[in-house]
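Some notes on the structure that comes next.
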There are 2 protein chains.
Amino acid sequence: MPKTHIIKDVFNDDNASGVALKNKVLKKLIFKYLDQTDASSITDLSKELLISVPKTTSLINELIVEGLIKDYGKIDSTGGRKANMYGLVSDACFFIGVDVKKYYINIGLLNFKKQLVTQKNRIPYKLENTQESLNQLIQIIQGFIKEQSVKKDKILSIAINLSGRIKNTIGYSFSFFHFQEEPLSVIIQNEIGIKTFLENDSRAMAFGECNFGEVNSERNVIFVNIDYGIGLGILINNEIYYGKSGFSGEFGHIRFFDNEIICHCGKKGCLETEASGNALIRKFKEKIGQGSTSNIIKKNKMLDNITLTDIIQAAKDEDVLCIELLAEVGEKLGMGLAAMINVFNPELIILGGTLSETGDFLRLPIRSAINKYSLSLVNSDTELRLSKLGEKAGILGACLIARNKILSVL
Amino acid sequence: MPKTHIIKDVFNDDNASGVALKNKVLKKLIFKYLDQTDASSITDLSKELLISVPKTTSLINELIVEGLIKDYGKIDSTGGRKANMYGLVSDACFFIGVDVKKYYINIGLLNFKKQLVTQKNRIPYKLENTQESLNQLIQIIQGFIKEQSVKKDKILSIAINLSGRIKNTIGYSFSFFHFQEEPLSVIIQNEIGIKTFLENDSRAMAFGECNFGEVNSERNVIFVNIDYGIGLGILINNEIYYGKSGFSGEFGHIRFFDNEIICHCGKKGCLETEASGNALIRKFKEKIGQGSTSNIIKKNKMLDNITLTDIIQAAKDEDVLCIELLAEVGEKLGMGLAAMINVFNPELIILGGTLSETGDFLRLPIRSAINKYSLSLVNSDTELRLSKLGEKAGILGACLIARNKILSVL
DNA sequence: GTAATATCATAATTTTTTTTATAAACAAGC
DNA sequence: GCTTGTTTATAAAAAAAATTATGATATTAC
């Protein structure tokens with residue numbers, strides 16, 4: 001018995017022509033509409049697709065038999081007879097999203113209806129550019145799949161978030177695990193046996209936040225992933241913007257300063273050298289070296305092992321030095337974002353990533369720098385909001401990308 | 001007799017439903033396809049729209065009767081009987097594009113088939129923020145319309161390029177002619193009696209260049225309008241990117257420098273203060289003040305009245321000072337463009353605007369600054385090309401925008 | 001130059017879809 | 001609790017569109 005996916009069986013139109021092809025296309029459109037609206041009546045679908053009610057009914061019935069759609073029962077009430085509502089079958093198929101961070105992995109399972117079924121956070125892991133690290137990543141994913149009650153062949157795809165440059169079309173990573181010529185996504189896919197895609201972490205977070213967070217009508221959104229490094233996820237017209245090869249959003253390596261700090265990209269004067277988690281830690285160490293005091297040090301932490309988490313916690317505990325340094329970093333970051341505002345005129349900028357947990361300690365200096373360094377006519381358009389999803393943005397984004405890669409080609 | 005446009009009569013589907021509505025929609029799709037392909041056979045259209053040949057034939061015949069489409073005769077040859085090709089009727093309707101520059105106006109008339117019928121360049125005009133200047137602009141447009149052999153009611157729309165901030169959706173200009181609450185486009189429209197739209201000059205040039213210049217498959221393109229100021233026209237997926245309110249592309253006012261030069265936007269350190277035609281003229285005057293020599297000055301030109309045209313001509317005549325200054329400006333501009341490359345990962349950057357006439361004197365320093373200041377993985381993707389259309393880009397862009405505003409709502 | 005092959009255009013036939021009609025389901029008003 | 005107005009769902013009738021068939025037109029091979 002050949003392994004086939006339900007989705008392909010229903011929508012594959014290679015051998016269809018004429019009326020049969022038309023029906024396949026109409027079914028895709030019905031699926032797309034139900035995907036957007038969660039549930040619809042036959043009358044709605046009929047109006048939307050410009051086909052008659054009887055025709056719509058027969059297509060819906062076929063989709064029900066094929067197992068993709070089901071009758072949700074009578075919900076609506078507009079004065080007359082209640083309409084039967086139809087929508088996707090939630091467990092028709094599933095998708096996995098993997099969010100790989102520097103020191104841990106978050107992983108989740110999404111169903112056909114875009115609901116997060118399982119979620120496993122902060123699985124210990126160390127992201128290094130080695131074969132062992134890659135093997136461990138694969139093992140974690142395989143372990144997660146085994147734990148699920150869902151049959152493996154119902155999982156149609158996996159999307160993995162990685163930081164750095166990623167050519168998402170071919171699934172090649174230029175920053176991690178590029179030991180072989182074969183794209184990383186293919187290597188993982190061969191190991192696990194499920195179609196696998198790669199995505200840049202900031203882009204995935206942006207996508208997650210805009211689809212599951214408190215983003216409503218905004219369609220041109222910039223998401224800033226403020227972590228050890230800084231990344232940008234750009235959504236234009238509610239779609240991820242990739243650029244030619246998927247390298248869009250390399251915001252951290254814009255040359256903004258005349259300093260002599262060598263960035264990990266090899267160049268000098270990058271925004272990231274003054275406005276990032278790494279910059280924050282460097283500045284902190286410098287200040288302590290110059291005799292400043294901080295609650296963190298009082299707590300006998302070794303200065304060398306200071307992490308971003310420590311500084312975030314210190315700021316929350318009202319540590320003055322950390323708050324000052326956050327303001328300094330925020331000011332620089334705001335200047336960078338001011339440039340983005342001038343050029344993009346976005347409706348919304350979302351501050352996400354670990355460092356955004358510091359909330360207004362970071363947001364307010366960013367806002368004032370934005371007002372200072374961008375055209376007021378333009379920046380008055382732009383709302384600056386903190387991420388609502390926090391860590392969850394990455395998983396949700398990855399899951400949704402895994403799903404879309406399979407379904408959006410329909 | 002009420003004044004109605006042929007386009008509206010044919011495509012208006014307000015009172016249609018069922019099969020009639022479906023046919024209207026199909027006719028729109030036929031129009032769109034013919035608009036893209038110039039000419040197609042019934043077989044092509046039938047395959048494209050998934051409708052049978054007889055059905056396609058009857059829709060085509062209706063469109064012919066309605067005057068929008070005509071039979072181009074037999075062109076194709078694929079081994080069998082030649083197919084009749086159908087396409088748009090070139091003189092079904094017309095559109096006007098007006099490119100308003102600082103010291104002159106270019107204006108053109110486009111037909112239904114996207115062909116430039118008439119073109120009038122360098123009509124003397126001084127763009128000032130006064131009622132007189134606005135009146136003069138209106139008179140020039142009215143004069144142009146009278147000169148045409150085309151009946152006025154066949155001209156469906158006008159698009160006007162202006163520099164500065166423009167809210168294109170409502171046709172309001174924040175930089176010129178904003179004396180009244182009513183949007184500028186409405187004021188002009190009421191005077192002339194033809195539907196009028198406003199567009200930012202750099203965006204219109206970008207659009208013109210990408211649709212009529214030597215831009216082929218590239219779909220993510222940045223066009224730099226290098227004139228007295230600098231502007232950016234961004235095309236994403238071959239469509240003009242506007243941002244929330246149409247203020248996208250304010251590239252010149254990114255804060256890149258620590259200098260004390262006050263930009264005309266009111267802020268300090270803007271890219272435009274070091275990388276623009278105005279900056280070039282300022283630098284030139286400074287150098288002459290410091291005792292440098294140049295061919296232009298030898299020619300007894302008053303230093304105060306130096307224009308960009310003089311400097312461009314001098315550079316073409318191998319004037320060393322001007323070439324050096326162009327390199328300096330190019331270096332700064334390249335640094336700014338490096339930022340755009342990092343963030344946008346575009347396939348193509350086009351150098352346009354008056355100053356781009358200096359060709360490689362400007363392009364080469366820009367290219368080397370791009371390589372210096374952006375990630376090599378990203379910048380190796382980006383081609384840097386000089387505008388092929390030059391001054392024509394603005395007119396063509398405006399004409400096409402006028403046309404699209406009317407036709408793309410279909 | 002003619003036969004073989006291929007595509008196109010239209011007419012005739014068949015199938016599909018829409019329209020119209022009717023019954024059922026529900027809410028609101030009296 | 002019954003009538004009235006509204007909407008949904010299905011059945012029957014009518015219309016529309018897709019197939020199929022046929023002749024016309026063109027290219028290519030011999």
Side-chain angles (χ1 to χ4, degrees), chain A residues 13-31 33-34 37-66 69-87, chain B residues 13-31 33-34 37-66 69-87:
Chain A
D13 55 13
D14 288 347
N15 302 317
S17 72
V19 173
L21 176 58
K22 241 175 171 173
N23 285 343
K24 292 266 183 184
V25 171
L26 283 172
K27 282 190 197 175
K28 285 181 196 177
L29 292 174
I30 289 178
F31 160 71
Y33 190 69
L34 292 180
T37 55
D38 283 353
S40 301
S41 69
I42 285 182
T43 311
D44 288 342
L45 277 162
S46 161
K47 281 177 189 156
E48 177 69 21
L49 305 186
L50 295 181
I51 49 177
S52 67
V53 170
K55 176 70 185 162
T56 311
T57 308
S58 81
L59 290 171
I60 283 278
N61 287 337
E62 284 180 35
L63 283 166
I64 289 173
V65 170
E66 287 158 342
I69 279 177
K70 75 179 198 188
D71 188 341
Y72 285 7
K74 297 178 194 305
I75 301 177
D76 227 4
S77 108
T78 48
R81 173 174 170 179
K82 282 180 184 164
N84 275 49
M85 302 297 280
Y86 299 85
Chain B
D13 54 14
D14 287 348
N15 303 318
S17 72
V19 173
L21 176 57
K22 242 176 172 172
N23 285 342
K24 290 267 184 184
V25 171
L26 284 172
K27 281 190 199 173
K28 285 181 195 176
L29 292 173
I30 290 176
F31 161 70
Y33 190 70
L34 292 180
T37 54
D38 283 354
S40 300
S41 68
I42 285 182
T43 311
D44 288 342
L45 278 162
S46 162
K47 281 177 188 156
E48 177 69 19
L49 305 185
L50 296 181
I51 49 176
S52 67
V53 169
K55 176 69 184 159
T56 311
T57 308
S58 82
L59 290 171
I60 283 279
N61 286 337
E62 283 180 36
L63 283 166
I64 289 172
V65 170
E66 287 159 341
I69 281 177
K70 76 179 198 191
D71 188 340
Y72 285 6
K74 299 178 192 304
I75 300 176
D76 226 4
S77 107
T78 49
R81 174 175 168 181
K82 282 180 184 166
N84 276 47
M85 303 298 280
Y86 298 86

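Below, chains carry the letters A, B, ... as their sequence lines are ordered, and counting in each starts from 1.
Whole-Å rounding puts the A:K74 NZ to D:dT6 P distance at 20 Å. C:dT16 atom P lies 13 Å from atom CG of A:L59, rounded to whole Å. For the pair B:K24 NZ and D:dA16 C1', the computed distance is 18 Å after rounding to whole Å. The interatomic distance linking A:D44 (CG) with D:dT8 (C1') rounds to 12 Å, in whole Å. In this entry the distance linking CG of B:L45 with C1' of C:dC8 reads 14 Å, nearest Å.
No hydrogens or angles were tested; on distance alone, nothing pairs the side chain of B:R81 with the base of C:dA6 as donor and acceptor under 3.5 Å.
By the 4.5 Å heavy-atom criterion applied to side chains, A:I69 and A:I30 are counted as neighbours. Here the side chains of B:L45 and B:L59 are not in contact, with every heavy-atom distance at 4.5 Å or above. A:L21 has its side chain within reach of B:L50: a pair of non-hydrogen atoms, C-beta onward, lies under 4.5 Å apart. Within the 4.5 Å cutoff, the side chain of A:L26 has heavy atoms near those of the A:K55 side chain.
Closest of all the heavy-atom pairs between A:K22 and B:I51 is NZ-CG2, 4.0 Å. Listed here is the closest heavy atom pair of A:M85 and A:D71: O-OD1, 3.3 Å.
A distance-only check finds no donor-acceptor pair linking the side chain of A:S46 to the backbone of A:I42 [under 3.5 Å].
B:N84 has no side-chain polar atom (N or O) that falls below the 4.0 Å cut-off from OP1 or OP2 of C:dC8. Phosphate proximity of D:dT27 to B:K82: present, with a side-chain N or O under 4.0 Å from OP1 or OP2.
By the 6.0 Å contact criterion, NZ on B:K70 is open, its count of non-hydrogen atoms from other residues, nucleotides or ligands being 12 or less.
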Taking N or O atoms only and anything under 3.5 Å, show me the protein contacts with nucleotides 17-20 of chain D, one pair per line.
unit_1: D:dA17; atom_1: OP1; unit_2: B:K55; atom_2: NZ; d: 2.8
unit_1: D:dA17; atom_1: OP2; unit_2: B:K55; atom_2: NZ; d: 3.1
unit_1: D:dA18; atom_1: OP1; unit_2: A:K22; atom_2: NZ; d: 2.5
unit_1: D:dA18; atom_1: OP2; unit_2: B:S52; atom_2: N; d: 3.0
unit_1: D:dA18; atom_1: OP2; unit_2: B:S52; atom_2: OG; d: 2.3
unit_1: D:dT19; atom_1: OP1; unit_2: A:V19; atom_2: N; d: 2.7

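Comparing the end axes of the helix from C:dG1-D:dC30 to C:dC30-D:dG1, each fitted to five base pairs by superposing C1' atoms of four pairs onto the next four, gives an inter-axis angle of 20° (nearest 10 degrees).
Between atom OH of residue B:Y86 and atom OG of residue B:S40 there is a gap of 11.5 Å, rounded to the nearest 0.5 Å.
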